[in-house]
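Whatever order the structure lists them in is the order used to number ligands and atoms, beginning at 1. This one's a predicted model, so the numbers in the text were calculated from it and none came from an experiment.
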Amino acid sequence: MKQPIAVYPGSFDPPTNGHLDIITRASLIFSKVIVAVTDNSNKNPSFDIKTRYKMLADAAKNIPGVEVEIFSGLLVDYVGGKKASVIIRGLRVVSDFEYEFQMALMNRRLNKKIETVFLMPDESYTYLSSSIVKQVSRLGGNTKGLVPKSVEKYLKEKTL
Ligand code: PNS
């Protein structure tokens, strides 16, 4: 059976090693993985869209079958336009579930041909999130091992 194309959407503000773990796992299952960075400014991201794109493209450049793109508008429209049929989301802890469940079912209602697939990162990343990484960085903590090398540089340069 031909493996479908999957889209892994998110804010990636900034990308963490947990995100990279999910991208790597997805790349081993699907024929192509498009990591789609949202251009949705109402989340008030700390990093602009171009920087988030650059950080991800650099971090994922050696993972075969992975492309990074920017998207705006409805996710299901973007996924359909890419001839993809799967949305990947990472599930870390039980508290992720409610929001993810709501999004998955709304996306299914909007396009029933698109399936959401949840992947769990390595257990060492279950506590990791973009916001906690930003907090650690803002307060002068070491973010080594929490984010890709390319992201460490941006975190150090930025006043968060
Ligand atoms: O990393 P995030 O911030 O949890 O990712 C959220 C994202 C980008 C996947 C979600 O906000 C999204 O899909 N935005 C696109 C708008 C959309 O399609 N909304 C309706 C489906 S819930």
Side-chain angles (χ1 to χ4, degrees), residues 4-27 29-30 32-60 63 66-138 143 146-148 150-152 154-155 158 160:
I5 297 172
V7 171
Y8 178 35
S11 304
F12 304 107
D13 184 40
T16 68
N17 282 345
H19 293 129
L20 264 293
D21 183 275
I22 296 290
I23 295 169
T24 305
R25 285 171 201 281
S27 75
I29 303 172
F30 299 99
K32 180 160 95 175
V33 177
I34 304 169
V35 183
V37 195
T38 180
D39 197 6
N40 184 351
S41 51
N42 64 19
K43 274 210 156 180
N44 214 356
S46 307
F47 293 95
D48 65 40
I49 185 70
K50 281 195 181 140
T51 306
R52 286 180 282 139
Y53 168 85
K54 262 199 268 173
M55 289 191 279
L56 266 172
D58 192 49
I63 311 174
V66 173
E67 289 173 11
V68 181
E69 289 196 357
I70 291 170
F71 89 100
S72 51
L74 267 187
L75 176 61
V76 288
D77 291 345
Y78 172 79
V79 172
K82 291 283 155 191
K83 307 256 177 291
S85 56
V86 172
I87 295 169
I88 303 280
R89 291 290 289 173
L91 261 192
R92 294 162 301 186
V93 283
V94 175
S95 53
D96 281 345
F97 183 74
E98 207 170 323
Y99 169 59
E100 294 299 334
F101 189 66
Q102 187 184 30
M103 267 203 307
L105 292 187
M106 178 53 77
N107 284 329
R108 180 183 282 167
R109 185 192 162 95
L110 293 170
N111 185 336
K112 63 181 183 326
K113 291 187 181 148
I114 297 173
E115 208 60 72
T116 300
V117 171
F118 294 102
L119 295 178
M120 283 168 291
D122 186 272
E123 63 196 45
S124 57
Y125 298 131
T126 49
Y127 64 91
L128 198 52
S129 69
S130 298
S131 43
I132 208 162
V133 162
K134 283 189 282 191
Q135 192 182 104
V136 169
S137 179
R138 185 169 59 238
T143 58
L146 304 179
V147 294
S150 55
V151 175
E152 267 179 56
Y154 284 97
L155 276 172
K158 181 131 184 117
L160 294 162

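- For the pair Thr24 and Asp21, the minimum side-chain heavy-atom distance is 4.5 Å or more.
- To the nearest 0.5 Å, atom OG1 of residue Thr16 and atom NZ of residue Lys134 are 11.5 Å apart.
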* What do the steps show when you test Ile87 against Asn107 for side-chain contact (heavy atoms from CB on, under 4.5 Å), and what is the final call? -> CA-CA 9 Å; Ile87 295 169; Asn107 284 329; 3.9 Å; yes
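- The one candidate from Val151, Asn17, Val136 that meets the side chain to side chain contact (heavy atoms under 4.5 Å, CB included) condition with Thr143 is Val136.
- The 4.0 Å heavy-atom shell around ligand 1 contains residues Pro9, Gly10, Ser11, Thr38, Lys43, Phe71, Gly73, Leu74, Leu75, Arg89, Tyr99, Met103, Asn107, ordered by chain and number.
- The two residues Lys158 and Ser46 come nearest to each other via the heavy atoms CE-O, 2.7 Å.
- Residue pairs meeting the ring pair (Phe, Tyr, Trp, His ring centres under 6.0 Å) criterion with at least one member in residues 111-136, sequence neighbours excluded, do not occur.
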